[in-house]
Amino acid sequence: MKQLKHLTLALLLLVCSSTWAKDYVVTSPDGRLSVATADGAILRLSRDGQSLASVTARLWETKGIRSARQTVVQETINAPFYRQKCFSASAHQLELKLGNDLSLQIRVYNEGVAYRFVTSRKGDYVIDNEQADFAFPEETKAWLSYTTNAEKPFAMAFQNTYHETLLRDARPLPAFLPATVDLGSVKMTILESDLRAYPGMFLKADGDGMAALFAPYPKTMDYYKWRGMSYVKDVEPFIAKGSGPRAFPWRIMAITDDDTQMPVNNLVYALATPNQIGDTSWIKPGKVAWDWWNDWNLKGVDFEAGINTRTYLYYIDFAAKNHIPYVVLDEGWYDSSRGDIMNPIADIDLQRLIDHGSSKGVGIVLWTVFNVLDEHLREACEKYKTMGIRGFKIDFLDRNDQTAVEMAERLAKTCAQYQLFVDYHGFYAPTGMSRTYPNILNYEGVFGMEEARWAKKDTDMPKYDVTFPFIRMMAGSVDFTPGAMRNGTRQNWVECYQNPVSMGTRCHQAACYVVHDSPFTMLCDTPTNYEAEPDYTSFIAAIPDEWDETRVLQGALGQYIVTARRKGDTWYVGGQTDWNQRTIELPLTFLSEGTYATTMLIDGINANHNAEDYRIDREVRAPGDALTLHMASGGGFVVIFKKLSIVEHL
């Protein structure tokens, strides 16, 4: 048996000062952000000459800096299915050789700082723990999303609202990434990228700081009887295994001095391993008609709706009529209690559904549990690809220990070999894996629309809706599953599992299709509810799912957001507010020269009383104009600016 070497990763982030020896300094391309170190153990972050934080970094025992090398990193990154088609990323990098087979890489971008450890060790080894203790000034405010499982904090779906709190008053629970702190002149958001064969990071408040936690390496697994879902039964006294040279995940401290910079920070994507699957032309983003949220709740039909062939034929026909490219068969199409993914239930004629969808231009996507697919991976991919499905919605990973992260990569890689895309549900926040495997079209890891089925009246979803785009969306796309047709005000919202109601207005729901990074996004309500309002349905169904450019025009964390996205010459602007109604002035300076046919989906005059009230207005606008837009309580809007040709204008 090979002897395993035990390593300890140590990282202490401190806001303190001391007496320093000769410094190695690396600055951002614009010169505003810098990191200095005297011995490779303590890193001092500053911006415009003002101290932000200090970082004491230890991996295993080293004896100072053996050598240092600075380089310039300049990339033009192609980003299929991301918030923009491509973008540039520039940084200055300092690489420190620390001895004992260890290096520390520090990159400083204009948008933040990232660092990672790299080892050249040979053979097998075990990592006992990684310690990352963040200390901040007194009275530092944070936005933390805690685990929902106090007893087993590393076993949960990574779905919770944000607790806005002083760090010293935070709850004694681990919080999952991303996490944001307010340092006064700037906000710092802690994220990670290039998470591969390693556990994801949690943070736990500790006085005026935070300490990192990691799920231990699983020792034995067991199964829940329902769904055939695996879970960690016993754990090892270490967090990770390794073999040979490797780089550990990037630790990111994104720096923003305006909230509108947060949703469009690209560091997580930029720091991930580039595309490993090659050609992406076969991957087609798009909207999907969804069954589970609306509880298969068709009305006015002449058959019993449910998990059966006739119901899904109806969903397919609805999707085809509205140019929706996909229908998902969610839980129930196979016997999930037995984990029998290889055999549809008797009430589902899967080949008939696939063939009918194909004849209508609608692809079929199949739901499955992570480990169930993994246990039948090549067999299932080969069978269902041959039958004609387009991808999998993969659910209930509910952990991010090393073996879970390895499973997620294995599934994405194998599905890509069969030209199948995936939608990761019950999953941790993105860590750049969609750059590495672009067939991962979407991720959950968000307190999404499903929560409306069991939320309580004091749940503040509209506030969350204008919080997570600033924090969670920094990490990547969100499978929020919007599109509710039953909408409630703060006063009249009711919990209803079988016929659910969203919090906020109809226009608030529509704005999700613009505000969210979401290349594979659901229409969560039942087809018959959409068919009752064809103008509205055609409006949201026609909003693109791929974008050339994204900007956040206005917004404040936890209050409201206004996002503009461009597809060709057409701009789509979506706005959302919390429970406070507000009126905004929107200068149209983002438009290029020309004249634009403007279509506005806006809250109706009675939307504060009836959240389903909206209207659609049309007019012609130009870049020198400004719009006055009112959002009701929990409201929103979508405005489309379609550039007119000279002939159209005449």
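Atom CZ of R410 has more than 12 heavy atoms from other residues, nucleotides or ligands within 6.0 Å. Atom NZ of K219 has 12 or fewer heavy atoms from other residues, nucleotides or ligands within 6.0 Å. Within 6.0 Å of NZ on K233 lie no more than 12 heavy atoms contributed by other residues, nucleotides or ligands. For K413, the NZ atom sits in a loose shell: 12 or fewer heavy atoms of surrounding residues, nucleotides or ligands are nearer than 6.0 Å. By the 6.0 Å contact criterion, CD on Q74 is enclosed, its count of non-hydrogen atoms from other residues, nucleotides or ligands being greater than 12.
Between the side chain of D279 and the backbone N or O of S281 there is at least one donor-acceptor pair closer than 3.5 Å. Side-chain N or O atoms of N442 include one that pairs as donor or acceptor with a backbone N or O of F520 at under 3.5 Å. At distances below 3.5 Å, at least one donor-acceptor pair connects side-chain atoms of D548 with backbone N or O atoms of G568. The main-chain N or O of A484 is found under 3.5 Å from a side-chain atom of Q509 such that the two form a donor-acceptor pair. A donor-acceptor distance shorter than 3.5 angstrom exists from the side chain of N439 to the backbone of A412, with no hydrogens or angles considered. Under a 3.5 Å cut-off, the side chain of T311 and the backbone N or O of G306 do form a donor-acceptor pair. In this structure a side-chain-to-backbone donor-acceptor pair under 3.5 Å is present from R565 to V514. Listed for the Y428 side chain is no donor-acceptor partner under 3.5 Å among the backbone atoms of F158. In terms of modelled atom types and a separation under 3.5 Å, the side chain of T431 and the main chain of S193 share no donor-acceptor contact. A side-chain donor-acceptor contact under 3.5 Å links Q276 to the backbone of P274.
Shown here for M485 and D525, the closest heavy-atom pair between the two residues is N-OD2, 2.6 Å. The nearest pair of heavy atoms linking T76 to S88 is OG1-OG, 3.9 Å. For the residue pair Y125 and G244, the shortest heavy atom distance occurs at OH-O, 2.9 Å. Listed here is the closest heavy atom pair of L420 and K385: CD2-CD, 4.0 Å. Smallest separation of non-hydrogen atoms from P438 and N275: CD-OD1, 3.7 Å. Between V268 and A475, the shortest heavy-atom contact is CG1-O, 3.5 Å.
R116 has no carboxylate O lying under 4.0 Å from a charged side-chain N of E192, or vice versa, which leaves the two without a salt bridge. The existence of a salt bridge linking E236 and K241 is excluded, since no basic side-chain nitrogen approaches an acidic carboxylate oxygen closer than 4.0 Å.
Judged by distance alone, the side chains of N297 and N294 never bring a donor and an acceptor atom under 3.5 Å apart. Side-chain N/O atoms of W296 and Y312 include a donor and acceptor closer than 3.5 Å. Inspection of the E304 and N308 side chains reveals no N or O donor paired with an N or O acceptor under 3.5 Å. Counting only N and O atoms by type, the side chains of S145 and N160 include no donor and acceptor under 3.5 Å apart. Residues D335 and S337 bring a donor and an acceptor atom of their side chains to less than 3.5 Å of each other. Side-chain contact, Q261 with E111: no donor N or O sits under 3.5 Å from an acceptor N or O. Side-chain N/O atoms of E546 and Y82 include no donor and acceptor closer than 3.5 Å. Side-chain atoms of R196 and Y198 include no donor-acceptor pair closer than 3.5 Å. Side-chain contact check for D194 and W250: no donor-acceptor pair (N or O, by modelled atom type) lies under 3.5 Å. In the model, K299 has a side-chain atom that pairs as donor or acceptor with a side-chain atom of N529 under 3.5 Å.
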Next on the checklist: Between Q159 and E444, does the side-chain contact (heavy atoms from CB on, under 4.5 Å) criterion hold? Intermediate values first, please.
Outcome noted: CA-CA 8 Å; Q159 297 169 233; E444 193 181 24; 3.4 Å; yes
Next on the checklist: Before you tell me yes or no, could you show the steps for L298 and D291 under side-chain contact (heavy atoms from CB on, under 4.5 Å), namely the whole-Å CA-CA distance, both residues' side-chain angles and the distance that decides it to 0.1 Å?
Outcome noted: CA-CA 10 Å; L298 299 176; D291 50 5; over 6 Å; no
Checklist entry - Taking it one step at a time, do D124 and S243 satisfy side-chain hydrogen bond (donor to acceptor under 3.5 Å, both in side chains)? => result CA-CA 4 Å; D124 297 337; S243 181; 2.8 Å; yes
Item to check | Working for ring pair (Phe, Tyr, Trp, His ring centres under 6.0 Å), residues F480 and F468 | outcome: CA-CA 11 Å; F480 185 84; F468 83 78; 5.5 Å; yes
Next on the checklist: Determine whether E75 and R435 satisfy the following criterion, salt bridge (charged side-chain N to carboxylate O under 4.0 Å, His left out), listing intermediate values before the conclusion.
Outcome noted: CA-CA 14 Å; E75 293 184 277; R435 182 182 182 192; 3.6 Å; yes
Item to check | Residue pair M522, D479: steps toward the side-chain contact (heavy atoms from CB on, under 4.5 Å) verdict | outcome: CA-CA 8 Å; M522 313 284 178; D479 193 8; 4.0 Å; yes
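E549 has its side chain out of reach of W547: every pair of non-hydrogen atoms, C-beta onward, lies at least 4.5 Å apart. At a threshold of 4.5 Å between non-hydrogen side-chain atoms, the residues L441 and D423 do not count as touching. Residues V478 and R472 are in side-chain contact: their nearest non-hydrogen atoms beyond the backbone lie under 4.5 Å apart. Side-chain contact between N371 and M229 is present, with at least one heavy-atom pair separated by less than 4.5 Å. Residues I77 and Y269 have side chains in contact (heavy-atom distance under 4.5 Å, counting atoms from C-beta outward). Here the side chains of Y334 and V372 are in contact, with some heavy-atom distance below 4.5 Å. Between E331 and R227, some side-chain heavy-atom pair lies under the 4.5 Å cut-off. A heavy-atom distance below 4.5 Å is found between the side chains of L373 and F392.
We find the OG1-CD1 distance between T368 and I341 to be 3.0 Å, quoted to the nearest 0.5 Å. Here the OH-OG1 distance, from Y437 to T414, works out to 9.0 Å after rounding to the nearest 0.5 Å. Atom CE in M473 sits 5.5 Å away from atom CD1 in I561 (nearest 0.5 Å). Here the CG-OG distance, from D517 to S434, works out to 10.0 Å after rounding to the nearest 0.5 Å. Y513 contributes atom OH, which lies 10.0 Å from atom NE2 of H516 (distance to the nearest 0.5 angstrom). Note that CG of N265 is 8.0 Å distant from CD1 of I252, once rounded to the nearest 0.5 Å.
Taking the ring axis of W292 as reference, the NZ or CZ atom of R453 stays within 45° of it and closer than 6.0 Å to the ring centre. Both tests pass for R506 against the ring of Y536: distance under 6.0 Å to the centre and angle within 45° of the axis. Annotation: cation-pi pair R246/F248 present, NZ/CZ under 6.0 Å from the ring centroid and within 45° of its normal.
Among Y231, Y424, F396, the one residue that satisfies the ring-ring contact (aromatic ring centres under 6.0 Å, His included) test with F370 is Y424.
The ring of Y384 has its center closer than 6.0 angstrom to the ring center of W333. Taking the six-membered ring for Trp, Y326 and Y315 have ring centres at least 6.0 Å apart.
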